[in-house]
There are 2 protein chains.
Amino acid sequence: MTHPFITRLERTIPLSGPDRDAIERLTATTRTVPARQVILGEDEPARGLCVVVQGFACCFSHLRDGGRQITGFLLPGDCSSLPAVLLGARHAGIASLAPCLVATVGREALADLLLRHPLAGCALWSAALTQEQILREWIVNIGARSADRRVAHLFSELLTRLRQVGRSAGDRCVLPLTQEDLADTLGLSTVHVNRTLQALRGSGLLRFNRGVLTVPDSRQLESFAGFTPDYLEARVATEILLACAKRDVAEADRAPR
Amino acid sequence: MTHPFITRLERTIPLSGPDRDAIERLTATTRTVPARQVILGEDEPARGLCVVVQGFACCFSHLRDGGRQITGFLLPGDCSSLPAVLLGARHAGIASLAPCLVATVGREALADLLLRHPLAGCALWSAALTQEQILREWIVNIGARSADRRVAHLFSELLTRLRQVGRSAGDRCVLPLTQEDLADTLGLSTVHVNRTLQALRGSGLLRFNRGVLTVPDSRQLESFAGFTPDYLEARVATEILLACAKRDVAEADRAPR
DNA sequence: CGACTTTTTGAGGGGGCTCAAGCCAAGTGG
DNA sequence: CCACTTGGCTTGAGCCCCCTCAAAAAGTCG
């Protein structure tokens with residue numbers, strides 16, 4: 001089976017054989033992390049890019065008053081935000097929600113990849129850009145939608161993303177989230193999430209029971225939520241692609257491994 | 001005076017002379033846009049990267065029910081989100097809030113820049129990453145803070161960013177925003193923004209009058225909002241920098257313009 | 001079984017929303 | 001120079017969405 005991270009990157013750019021090899025090598029050594037564990041604290045400096053090979057994780061921020069806000073989910077093949085690694089700035093924390101298989105790509109290795117494999121580098125950037133699209137959509141979701149549509153939209157997005165990585169069986173999928181997690185994601189209280197889920201179940205749009213989401217008619221749910229999946233479909237423009245490829249060839253000529 | 005876009009990019013990476021020249025050439029032709037004008041609609045395809053040279057603009061999304069959510073502000077030197085250009089995906093709309101000077105960098109020109117000037121390209125990516133950091137912070141703001149702290153946090157961020165680009169005089173700055181804009185940014189109603197502003201004025205933390213923000217003690221405001229500016233300070237890690245620079249030199253050898 | 005986490009329910013309150021009207025400043029045109 | 005318009009700001013009243021607090025019910029796991 002191909003490496004999830006490679007599959008993920010190839011959704012934006014078709015990679016060459018050497019590219020794939022290089023990435024595979026970087027993410028070969030993994031470590032397992034139990035569920036509900038902090039993978040990278042908000043305060044500790046990021047040593048490298050964190051790639052979730054298997055499992056389910058999230059990015060989070062804590063407020064002084066004890067509140068928690070989840071700012072993203074990491075599915076198999078996703079990686080932690082590049083800013084954490086490239087820019088020295090503050091970064092979100094990362095925690096596992098289900099047991100995870102995690103690879104960490106150090107800064108030097110990352111720099112080397114960017115240098116020797118521009119196409120792979122470009123793919124990495126593109127993944128970060130997709131991430132940005134998602135964040136923007138989340139702002140719209142939290143800022144402008146009612147509680148029920150908010151929940152529906154999040155579930156629609158997660159269902160779509162899980163399908164992309166082959167982790168959904170028909171109309172149901174596993175989401176290792178508690179109602180508290182949902183609350184911290186959507187800017188709602190736990191109690192209200194509970195009642196909203198009941199209402200949604202009542203209207204037949206979805207059922208969410210002990211980490212299993214069931215959506216009888218995803219089309220209907222998406223329509224209710226105002227969800228359109230186009231922000232999740234990344235494909236790099238050909239002009240850019242050609243430029244990267246050209247450089248890639250040049251690199252190969254000059255510095256064959 | 002140096003070009004604002006270059007100043008912006010150099011906040012993350014020190015550029016070489018040729019890099020600067022190339023960027024300057026790309027953003028030389030600008031057009032003026034009056035205030036309150038749509039620069040790029042949500043539906044129309046993005047022809048290129050949109051660089052705000054002067055003025056004040058915002059990114060926005062519209063919902064079916066007529067609601068609007070502002071998902072970002074573009075200050076002098078900022079550019080529209082790369083995803084719009086590189087990935088074919090849906091993108092946010094862009095609108096001017098004050099009169100703007102805007103340059104558009106076409107996809108071909110952008111590809112050419114990435115090819116010939118890796119360092120400049122890296123700077124561009126980094127700017128996008130900073131953008132991501134800001135989006136993440138906005139999610140925390142909208143999702144987890146009360147109305148008054150939300151307003152305080154946004155103002156703190158904008159004040160800091162305006163200082164970075166030299167557009168704030170001491171304790172005051174110009175923000176061409178209506179209360180409705182603030183409402184659409186923060187996920188609040190216009191009426192409530194009004195009352196919140198009054199409360200903040202009452203407590204002496206800030207005054208916002210007809211587009212002029214006055215903050216007597218920014219330290220105090222930031223403390224109230226729970227604002228820390230570290231997510232706005234981007235600086236690319238040296239390892240990455242060296243890799244880019246190395247490639248840059250190699251490029252210069254191989255294909256001198 | 002006993003300790004714990006997660007979900008569910010109830011009751012009450014408050015933060016923020018909607019609707020609607022009045023106000024103020026800055027144009028615009030006669 | 002003054003009516004008239006216009007867009008934004010301000011206020012009031014009423015209410016509903018969602019929050020908090022608290023406790024019971026239902027799973028979960030050693």
Side-chain angles (χ1 to χ4, degrees), chain A residues 34-37 56 63 65-70 95-99 141-152 154 174-203 206-214, chain B residues 34-37 56 58 63 65-70 95-99 141-154 174-203 206-214:
Chain A
R36 303 277 155 184
Q37 203 93 5
F56 202 103
L63 276 74
D65 62 19
R68 179 182 68 147
Q69 176 68 42
I70 292 179
S96 64
L97 295 172
N141 201 32
I142 300 178
R145 273 190 266 263
S146 58
D148 48 0
R149 285 168 207 273
R150 232 182 271 190
V151 173
L154 177 64
V174 175
L175 290 177
L177 301 172
T178 66
Q179 296 184 358
E180 194 182 350
D181 295 330
L182 288 173
D184 290 344
T185 304
L186 297 167
L188 298 169
S189 71
T190 313
V191 174
H192 198 62
V193 164
N194 180 286
R195 294 197 229 266
T196 304
L197 285 175
Q198 287 178 48
L200 287 169
R201 178 173 349 124
S203 67
L206 60 83
R207 227 154 3 113
F208 184 66
N209 203 319
R210 242 165 300 153
V212 177
L213 172 68
T214 313
Chain B
R36 303 277 155 185
Q37 202 93 6
F56 201 104
C58 70
L63 277 72
D65 62 19
R68 177 181 70 147
Q69 177 68 43
I70 291 178
S96 64
L97 294 172
N141 201 31
I142 301 178
R145 273 191 264 263
S146 58
D148 48 0
R149 284 170 207 272
R150 232 181 269 190
V151 172
H153 194 277
L154 177 65
V174 176
L175 289 178
L177 301 172
T178 66
Q179 297 185 356
E180 194 183 350
D181 295 330
L182 288 173
D184 291 344
T185 303
L186 297 167
L188 298 170
S189 71
T190 313
V191 174
H192 198 61
V193 165
N194 181 285
R195 294 198 228 265
T196 305
L197 285 175
Q198 287 177 50
L200 286 169
R201 177 170 352 122
S203 67
L206 60 84
R207 227 156 0 114
F208 183 65
N209 204 318
R210 240 165 301 152
V212 178
L213 172 68
T214 313

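Taking atom CZ of Arg150(B) as the reference point, atom P of dG15(C) lies 13 Å away to the nearest angstrom. Counting to the nearest Å, the P atom of dG7(D) and the CG atom of Asp181(B) are 14 Å from each other. Distance, Arg195(A) CZ to dT9(C) C1': 7 Å, rounded to whole Å. Rounded to an integer number of Å, the gap from Asn209(B) CG to dC24(C) P is 14 Å. Remark: C1' of dC17(C) and CG of Asp65(B) are 14 Å apart, rounded to the nearest angstrom. Atoms CG (Leu97(B)) and P (dG7(D)) sit 17 Å apart, rounded to a whole Å. Computed from coordinates, the His192(B) NE2 to dC9(D) P distance equals 16 Å when rounded to whole Å. For Leu186(A) and dC17(D), the CG to C1' distance is 16 Å, given to the nearest whole Å.
dC24(C) and dA13(D) have their C1' atoms separated by 22 Å, with the value rounded to a whole Å.
If you check dG12(D), dG16(C), dT20(D) against the side chain of Leu188(B), the one that comes closest is dG16(C). Counting only heavy atoms from C-beta on, Ser189(A) has its side chain closest to dT20(D) among dT10(D), dG16(C), dT20(D).
When all heavy atoms of Pro34(A) and Ser96(A) are compared, the pair lying nearest together is O-OG, 2.7 Å.
At the heavy-atom level, Gly187(B) lies under 4.0 Å from the strands shown only through sugar-phosphate atoms. Within 4.0 Å (heavy atoms only), Arg210(A) reaches sugar-phosphate atoms of the nucleic acid but no base atom. Using a 4.0 Å heavy-atom criterion, one finds that Thr178(B) contacts the sugar-phosphate atoms exclusively.
Exactly one residue among Leu188(A), Val193(A), Asp184(A) makes a side-chain contact (heavy atoms from CB on, under 4.5 Å) with Gln179(A). That residue is Val193(A).
OP1 or OP2 of dT10(D) has at least one side-chain nitrogen or oxygen of Asn194(B) nearer than 4.0 Å. Taking 4.0 angstrom as the limit, Gln198(A) places a side-chain polar atom (N or O) nearer than this to OP1 or OP2 of dT9(C). OP1 or OP2 of dT10(D) has at least one side-chain nitrogen or oxygen of Gln179(B) nearer than 4.0 Å.
Nearer to the 5' terminus of DNA chain D, by closest-nucleotide assignment, is the contact made by Ala147(A) (compared with the other of Ala147(A) and Val191(A)). Nearest-nucleotide positions on DNA chain D for Glu180(B) and Ser146(A) put Glu180(B) closer to the 5' end.
The side-chain heavy atoms of Asp65(B) and Arg149(A), taken from C-beta on, include no pair separated by under 4.5 Å.
Taking CZ of Phe208(B) as the reference point, atom CG of Leu200(B) lies at 12.0 Å (rounded to 0.5 Å).
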What verdict does the side chain to side chain contact (heavy atoms under 4.5 Å, CB included) test give for Arg68(A) and Leu63(A), after you've listed the backbone C-alpha separation in whole Å, the side-chain angles of each residue and the deciding distance to 0.1 Å? CA-CA 6 Å; Arg68(A) 179 182 68 147; Leu63(A) 276 74; over 6 Å; no
